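Written out below as structure tokens is the structure these notes cover.
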Amino acid sequence: MMEIAITDIRDTEIEGVTILREETEPYRESYFQWAASPLIASFQSSQISGGVLSCQAAIPGFRELEYHKDKEFFYFVQGTALMPFANFDSEGKVDEASIQIVRIPQGTQLIIDAGKLHFVPVAEGPEPVKIVVVSPKMDSPRVSVSESVNGILKS
């Protein structure tokens, strides 16, 4: 088992991931408000869809990661997530030295670049995580890591 210290996204650089950490000032009218995201993702395809990903609490242990041929846009709308990221090595395998497990609070927005290894996060604590995901329709190839990657809290 490989143990990786969990870091906070506000203190972590993640290669291949664009992160919006600051709040966006919403536009308000009498019965609504709109907070547009300044993050813009240019997708390779014009066939774009979105959905809500719901994640429950679990031990942050990951045996595989996935990647995509195009970008994905994530908006974390509820809960705190623990999400893994990694890079490929020169042989097309997981560069295990690049693995990160990052704590992502609600309100965070990410664009994950094409080819960036990641996986569905787990919720930290009892509150489920809900994430709006927008992306083109595409496959999600998975790659295995040599041993389970488990997140541990930094002391």
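Reckoned from all heavy atoms, side chains included, excluding hydrogens, waters and symmetry mates. Every value quoted in this text rests on a predicted model; they were computed, and no experiment measured them.
Met138 and Val132 are not part of a single hydrophobic cluster, where members link through side-chain heavy atoms under 4.5 Å apart.
One distance of note links CD1 of Ile112 with CG of Asp70; it measures 12.0 Å at 0.5 Å rounding. If you take CD1 on Ile14 and CG on Asp113, they are separated by 11.5 Å, rounding to the nearest 0.5 Å. Here the CG atom belonging to Leu53 is positioned 16.0 Å from the OH atom belonging to Tyr75, to the nearest 0.5 angstrom. Within the model, atoms CD1 of Ile152 and CD1 of Ile6 stand 8.0 Å from one another, a figure rounded to the nearest 0.5 Å. Remark: Asn150 CG to Phe62 CZ distance equals 9.0 Å, nearest 0.5 Å. Atom OG of Ser98 is separated from atom CD1 of Ile4 by 9.0 Å, given to the nearest 0.5 angstrom.
Taking 4.5 Å as the limit, every side-chain heavy atom of Ile104 sits out of range of all side-chain heavy atoms of Ile131. Residues Ile59 and Val122 have side chains not in contact (no heavy-atom distance under 4.5 Å, counting atoms from C-beta outward).
Glu72 approaches Ser135 most closely through the heavy-atom pair CG-CB, 3.9 Å. The minimum heavy-atom distance between Ser146 and Arg63, with the atom names listed, is O-NH2, 4.4 Å. Met83 and Pro121 get closest at one heavy-atom pair: CB-CB, 3.7 Å. Among all heavy-atom pairs drawn from Phe43 and Pro136, the shortest one is CD2-CD, 3.5 Å. The shortest heavy-atom contact between Leu20 and Ser37 is CD2-OG, 4.3 Å. The two residues Ile101 and Val149 have their closest heavy-atom pair at CD1-CG1, 4.0 Å.
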Take Met2 and Val145 through the side chain to side chain contact (heavy atoms under 4.5 Å, CB included) test and state the conclusion after the steps. CA-CA 10 Å; Met2 181 186 323; Val145 291; 5.8 Å; no
Could you walk me through whether Glu15 and Lys116 pass the side chain to side chain contact (heavy atoms under 4.5 Å, CB included) check? CA-CA 8 Å; Glu15 180 184 334; Lys116 178 66 179 181; 4.3 Å; yes
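Here the rule is ring pair (Phe, Tyr, Trp, His ring centres under 6.0 Å) with Tyr67, and of Phe85, Phe119, Phe88 only Phe88 fits it.
Open room surrounds CD on Glu13; 12 or fewer heavy atoms of other groups in view lie less than 6.0 Å from it.
Each side-chain hydrogen bond (donor to acceptor under 3.5 Å, both in side chains) pair with one or both residues in residues 39-56, not counting sequence neighbours, appears once here: Ser54-Lys130. Residue pairs meeting the salt bridge (Lys or Arg N to Asp or Glu O under 4.0 Å) criterion with at least one member in residues 118-129, sequence neighbours excluded, are Arg103-Glu124.
Taking the six-membered ring where the residue is Trp, His118 and Phe74 present perpendicular rings, their angle passing 60° and hence far from 30°.
In this structure a side-chain-to-backbone donor-acceptor pair under 3.5 Å is present from Gln78 to Pro128. At distances below 3.5 Å, at least one donor-acceptor pair connects side-chain atoms of Glu147 with backbone N or O atoms of Met1. Formation of a donor-acceptor pair under 3.5 Å by the Asp139 side chain with backbone atoms of Pro141 is not found in this model.
Using modelled atom types and a 3.5 Å distance limit, the side chains of Gln100 and Thr12 yield no donor-acceptor pair.
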